[in-house]
Protein chains: 2
Amino acid sequence: MPRQRSYSRITRQALSLLGKLIRVARTERGLTAQELADRAGISRTTLSSIEKGAPGPEIGIVFEVAALVGVRLFDYDERALQLHNTHLDEKLTLLPRSVRHGVKEVDDDF
Amino acid sequence: MPRQRSYSRITRQALSLLGKLIRVARTERGLTAQELADRAGISRTTLSSIEKGAPGPEIGIVFEVAALVGVRLFDYDERALQLHNTHLDEKLTLLPRSVRHGVKEVDDDF
DNA sequence: CAGTTTTGTTCATTTTATTGGTCATAACGG
DNA sequence: CCGTTATGACCAATAAAATGAACAAAACTG
């Protein structure tokens, strides 16, 4: 009997969009699925799952693929942890300075 | 013969810090490892791997655990994708408005 | 258009993660 | 302090992901 796991809406959305971001970044760089899969050391089948936003793939592989196409999820400094720690509250999204300052602004109405 | 995969420094750092963030958020909420594991529907062993920053755990499970303790990685709106798309460049970190505006500022010198 | 490349999907096999149990140790509380 | 609880680590058994092959369809290209 297969495992039956439930995922929250926010998790499904995050996975779906992360997959799309990776695909967009890949095509923008003119890479085929096979080429990116080769660079990441995974099969095209697995990359397909990742771009589809499946919950199954290993997080290390997904992060590696994201990094390869320039989608940075984290770029934290270890020291950041303690500082962030003192600021934790209910639904705080934790960000490192590099992200807060490096992001390109886009239209505010999305 | 076991699979031998290599992970980049940034991936390892990201996983390590994400695990620490989850652990900090969990303890700040007074949850034991067993309690959080139960809520997430996983074993304490797996949660331990996640908090240790192992690359193996499924990304869906990690995202789910993160969400349960209030560590939001993504909160994108689907429409954001197209807008971001036009702004992709070398090492752009993509952020949704909710993150850009909702983050609590901390000391800039970390 | 015809030919080529890329992608999406499915499937059997191999590899790996997940689980639940156990034990030692650390941290906690009366 | 002693008893309790939480954590970290390890293990065999089980469940699931990763792989590579194969095929159809879609997307390019000349």
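Naming convention: chains lettered A, B, ... in sequence-line order (proteins, then strands); numbering from 1 in each chain. Note that the structure is predicted; figures quoted are calculated from it, not measured.
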Per-nucleotide protein contact string for nucleotides 23-28 of chain C, where B marks a base within reach and S marks sugar-phosphate only (heavy atoms under 4.0 Å, - for neither): ------

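Checking B:Ser49 against A:Glu35, the closest nucleotide of DNA chain C that is more toward the 5' end is the one next to A:Glu35.
At distances below 3.5 Å, not a single donor-acceptor pair connects side-chain atoms of A:Glu51 with backbone N or O atoms of A:Lys20. Listed for the B:Arg26 side chain is no donor-acceptor partner under 3.5 Å among the backbone atoms of B:Val69. For B:Glu64 (side chain) and A:Ser8 (main-chain N/O), a donor-acceptor pair under 3.5 Å exists by modelled atom type.
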Show which side-chain atoms of residues 53-60 of chain A pair as donor or acceptor with protein atoms under 3.5 Å away, not counting sequence neighbours.
from	atom 1	to	atom 2	distance (Å)
A:Glu58	OE1	B:Arg3	NH2	3.3
A:Glu58	OE2	B:Arg3	NH2	3.0

With a 3.5 Å cut-off and sequence neighbours excluded, list the donor-acceptor pairs that the side chains of residues 34-42 of chain B form with protein atoms.
from	atom 1	to	atom 2	distance (Å)
B:Gln34	NE2	B:Asp38	OD1	3.1
B:Glu35	OE1	B:Thr32	N	2.9

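With rounding to whole Å, A:Asp38 atom CG is found 16 Å from D:dA18 atom P. For the pair A:Ile22 CD1 and C:dT7 C1', the interatomic distance rounds to 17 Å; values are reported in whole Å. Computed from coordinates, the A:Leu47 CG to D:dA17 C1' distance equals 15 Å when rounded to whole Å. Taking atom CD of B:Glu51 as the reference point, atom P of D:dA6 lies 14 Å away to the nearest angstrom. Between the CD atom of B:Glu58 and the P atom of D:dA15 there is a distance of 14 Å, rounded to whole Å. Taking atom NZ of A:Lys52 as the reference point, atom P of D:dA17 lies 12 Å away to the nearest angstrom. Put simply, CD1 on B:Ile50 is 7 Å from P on C:dT18, counting in whole angstrom units. Atom NZ in A:Lys20 sits roughly 17 Å away from atom C1' in C:dT7 (whole-Å rounding).
Distance check, rounded to the nearest 0.5 Å: CD1 of A:Ile10 to CZ of B:Phe63 gives 10.5 Å.
Using a 3.5 Å distance cut-off with no hydrogens or angles, the side chains of B:Ser43 and B:Thr46 do pair a donor with an acceptor.
Between A:Ser48 and C:dT7, a side-chain N or O to OP1/OP2 separation shorter than 4.0 Å is absent. Contact annotation: B:Arg5 side-chain N/O to C:dA17 OP1/OP2 distance is not under 4.0 Å. Here A:Arg23 reaches the OP1 or OP2 of C:dG8: one of its side-chain N or O atoms lies under 4.0 Å away.
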Polar atom pairs (N or O), protein with nucleotides 24-30 of chain D, under 3.5 Å:
none

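Not a single salt bridge (Lys or Arg N to Asp or Glu O under 4.0 Å) links B:Arg44 to another residue, sequence neighbours left out. With sequence neighbours excluded, no residue satisfies side chain to side chain donor-acceptor pair (under 3.5 Å) with B:Thr27.
Within the 4.5 Å cutoff, no side-chain heavy atoms of A:Lys52 are placed close to those of A:Leu15.
Closest contact between the side chain of B:Ser43 and the listed nucleotides C:dG20, C:dT7, D:dA17 involves C:dG20.
Across all strands, A:Thr45 comes closer than 4.0 Å to base atoms (heavy-atom distances). Within the nucleic acid shown, B:Gly41 comes within 4.0 Å of sugar-phosphate atoms alone, with no base atom in reach, counting heavy atoms only.
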